[in-house]
Participant: 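Pasting a structure below so you can have a look.
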Amino acid sequence: MTGSDDEVKVGRRGFLALAGAAGVGAAGLGASPASAGEETHPPGQASQLRVDYTLPSLVFAEPTTRDLLGALHESALTDLVGINTAYADPPTYNHSGRLSYPPGTFIRAGGGYPSPQRWTRDAAVNAWNAGSLLSAAVGRNTLLSVVDKRADGSLIVQQDNQWWDQIVWVLGAWHHYLVTGDAEFLADAYGIGVNTVAARKAANFNAAAGLFEGPSFMNDGIAGYPAPPWQPGIRSSFVLDYPDAAKLLCLSTNCLYHGAFLALAGMARVLGKPDAAHRADAAQLRTAINTRLWQGDAFGYFVHGTCPLAGQLDVSQEGAGLAFAVLLGVTDAGRTRQVLANAQWEPHGIANSRPHFPMFSDEKPGRHNTVVWPMVHSFFGHAAAAGGRADLFGRAVTDLATLVSGTGGNFYEIYDARTGAVQGGWQTGGSGELEQFTSQPDQAWSASGFLRLLYSGLCGLDFTEDGLRFAPCLPEGWGRVSLLGLRYREATVDLVLDGAGTRVVSCTVDGRPGRPLLPAGATGHHTVHLALAL
């Protein structure tokens with residue numbers, strides 16, 4: 001990230017006030033932020049760039065909650081808008097020919113990485129978490145920045161060697177349409193999704209198991225796995241450099257495929273295309289996940305595909321896998337309750353995976369093992385809200401807020417699950433021995449994950465084909481919460497929450513009794529007031 005430490009601190013503390021003066025905020029348009037990093041301003045074009053964000057306010061009436069969460073909401077917006085909204089250099093990012101200039105910007109992965117940052121998983125997750133909600137144009141560019149055009153002119157998610165990352169793009173794209181109503185994007189997104197899923201089915205579907213092969217959602221590093229597939233003597237941190245890793249049948253990855261099939265069915269339905277095949281794929285995969293990856297009263301992490309343990313279930317806990325099973329409709333109501341009740345927490349949150357694999361310890365936690373990646377923790381917190389566990393949701397928000405508060409509002413990549421300190425974790429590196437890695441600062445998906453907790457969890461923003469539904473999760477003692485100036489398609493919404501819990505006992509829309517739903521075609525300004533009970 002460019003700029004001195006003092007410049008970064010000033011930006012983090014006061015960016016929204018400065019942005020409001022410049023036109024970024026309620027007005028939604030302004031100059032590109034000065035602290036957005038080295039890619040933000042191409043030579044000679046800085047004055048022409050537009051950020052195109054609409055930033056809501058989140059107001060907490062209860063002083064303790066306000067002190068903990070209010071400032072961090074601003075810090076998360078600053079991270080996403082003021083630090084990580086960067087210029088999308090066309091030769092690098094516009095392979096699809098579909099990016100829009102202006103705004104000419106996208107959400108990059110973080111302030112600590114070299115350029116370019118053309119990474120499918122980061123782009124999709126950041127758009128899905130909050131990017132598309134805060135800016136239709138920037139969210140769209142972010143998703144399209146990782147799309148390629150094939151020789152025949154068709155579009156597909158970039159086909160790199162982390163194929164398991166490609167499928168989350170479909171979920172981000174469907175969410176983008178539901179938030180924005182962008183029909184032109186939807187038509188492209190459906191073709192991109194169909195082409196991408198077809199490539200993955202041809203190369204990575206294990207018909208005998210009924211599951212997709214490949215590493216897990218978060219774990220492109222070998223520290224995310226026990227032995228096997230880890231084995232000594234390999235001089236690499238990359239998971240695919242280890243025998244048998246490519247054939248794993250992982251919980252998180254298969255839950256994402258299930259969600260993607262449902263997303264494709266939704267896209268097809270809106271576009272007037274047949275959706276039955278997508279729904280059938282989803283149903284068959286859901287059955288296989290619940291049959292092969294569930295044991296006793298919990299999901300395991302993965303089924304070994306090859307090696308002497310082929311067919312055996314590893315019963316480690318995978319944080320993202322549990323979250324996606326709930327959020328993407330893999331679990332029924334009973335299993336949702338079991339997943340949330342039986343999940344094991346570390347002192348500072350939900351770990352990426354647990355317990356310690358044999359090569360790691362409290363003193364040397366694995367980079368993808370018993371550490372807290374805020375993005376994974378945030379997905380689980382959202383799952384707790386969706387599953388009606390306001391107590392666990394409150395714990396998830398408080399845990400993450402405490403971690404980030406301890407680093408001055410800087411959303412780092414990874415934290416020590418036991419101590420709360422910034423911790424990059426340990427992993428086999430190029431030496432063939434365990435090496436300590438760095439936890440990068442200003443991590444976009446850590447910030448967007450926190451926004452997911454606040455917008456999708458706390459405020460219960462649920463974007464559907466019919467409109468914006470409200471299903472909040474307000475923990476006890478948090479007091480009144482107001483989300484003000486939220487832009488939804490052609491409407492602006494003020495949402496006010498009172499009480500505590502997840503059950504809506506009364507709803508008024510513009511002062512009149514109504515349903516907790518703002519129709520997709522709504523225009524103008526609306527106030528939704530919900531009273532909640534446990």
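As a basis for the values below, the full set of heavy atoms in this structure was taken, side chains included, without hydrogen atoms, waters or symmetry mates. By convention here, the first residue in the shown sequence is residue 1.
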Participant: Step by step, would you call Tyr225 with Asp244 a side chain to side chain donor-acceptor pair (under 3.5 Å)?
Facilitator: CA-CA 11 Å; Tyr225 305 90; Asp244 306 311; over 6 Å; no
Participant: Do NZ/NE/NH1/NH2 and the carboxylate oxygens of Asp391 and Arg389 come within less than 4.0 Å?
Facilitator: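 A salt bridge links Asp391 with Arg389.
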Participant: Can Gln166 and Arg200 be counted as having a side-chain donor-acceptor contact under 3.5 angstrom?
Facilitator: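 There is such a pair (donor and acceptor under 3.5 Å, judged by atom type) between the side chains of Gln166 and Arg200.
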Participant: Do the side chain of Thr253 and the main chain of Pro215 share a donor and acceptor less than 3.5 angstrom apart?
Facilitator: yes
Participant: Rounded to the nearest 0.5 Å, what's the gap from SG on Cys473 to CG on Leu497? Could you check?
Facilitator: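 Output value for this atom pair is 10.5 Å.
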Participant: Between the side chains of Thr464 and Asp466, does any donor sit under 3.5 Å from an acceptor?
Facilitator: no
Participant: Could you verify whether a donor N or O on one side chain and an acceptor N or O on the other, from Asn219 and Tyr301, lie under 3.5 Å apart?
Facilitator: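 Checked: Asn219/Tyr301 side chains pair up, N/O donor to acceptor below 3.5 Å.
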Participant: Applying side chain to side chain donor-acceptor pair (under 3.5 Å) to Gln344 and Arg354, what does each step give before you reach the verdict?
Facilitator: CA-CA 8 Å; Gln344 298 296 305; Arg354 70 172 308 281; 4.6 Å; no
Participant: Determine whether more than 12 heavy atoms belonging to other residues, nucleotides or ligands lie under 6.0 Å from atom CD of Glu476.
Facilitator: no
Participant: Do His382 and Tyr455 have side-chain atoms, one donor and one acceptor, less than 3.5 Å apart?
Facilitator: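 His382 vs Tyr455: no donor-acceptor pair found between side chains.
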Participant: Looking only at side-chain N and O atoms, does Glu346 offer a donor or acceptor that is under 3.5 Å from a partner on Thr370?
Facilitator: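 Looking only at side-chain atoms, Glu346 and Thr370 do not form any donor-acceptor pair under 3.5 Å.
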Participant: Under 3.5 Å, is there a donor on one side chain and an acceptor on the other for Ser448 and Asn126?
Facilitator: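 Yes, because at least one side-chain N or O of Ser448 sits under 3.5 Å from a partner of the opposite role on Asn126.
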Participant: Looking at Phe212 versus His258, is the centre-to-centre ring distance below 6.0 Å?
Facilitator: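 No - the distance between ring centres of Phe212 and His258 does not fall below the 6.0 Å cut-off.
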Participant: Ignoring hydrogens, what is the shortest heavy-atom contact between Leu532 and Gly501? Give both atom names and the distance.
Facilitator: CD1-O, 3.8 Å
Participant: Please say which of Phe379, Trp174, Trp169 ends up in a ring pair (Phe, Tyr, Trp, His ring centres under 6.0 Å) with Trp128.
Facilitator: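 The residue from Phe379, Trp174, Trp169 that satisfies ring pair (Phe, Tyr, Trp, His ring centres under 6.0 Å) with Trp128 turns out to be Phe379.
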Participant: May I ask you to check whether Tyr415 and His348 place their ring centers less than 6.0 Å from one another?
Facilitator: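 No - the distance between ring centres of Tyr415 and His348 does not fall below the 6.0 Å cut-off.
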Participant: Within this structure, what is the CG-CG distance for the pair Leu474 and Asp498, rounded to the nearest 0.5 Å?
Facilitator: 8.5 Å
Participant: When rounded to the nearest 0.5 angstrom, what is the spacing between CG in Asn290 and CG in Asn254?
Facilitator: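 Output value for this atom pair is 11.5 Å.
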Participant: Is the count of non-hydrogen atoms from other residues, nucleotides or ligands lying under 6.0 Å from Arg269 atom CZ greater than 12?
Facilitator: yes
Participant: Can you classify the ring geometry of Phe411 versus Phe450 as parallel (below 30°), tilted (30 to 60°) or perpendicular (above 60°)?
Facilitator: tilted
Participant: Report yes or no: is the cationic atom of Arg489 (NZ for Lys, CZ for Arg) under 6.0 Å from the centre of the six-membered ring of Tyr177, at an angle within 45° of the ring normal?
Facilitator: yes
Participant: Any chance the side chains of Gln443 and Ser446 put a donor and an acceptor closer than 3.5 Å?
Facilitator: no
Participant: Report the distance from atom CG of Leu400 to atom CD1 of Ile350, rounding to the nearest 0.5 Å.
Facilitator: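 If I round to the nearest 0.5 Å, the distance is 12.0 Å.
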Participant: Parallel under 30°, tilted from 30 to 60°, perpendicular over 60°: which one fits the rings of His304 and Phe302?
Facilitator: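 Aromatic pair His304/Phe302 classed perpendicular.
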Participant: State, without any angle test, whether Asn206 and Glu213 hold a side-chain donor-acceptor pair at a distance under 3.5 Å.
Facilitator: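 Yes, Glu213 and Asn206 have a side-chain donor paired with an acceptor closer than 3.5 Å.
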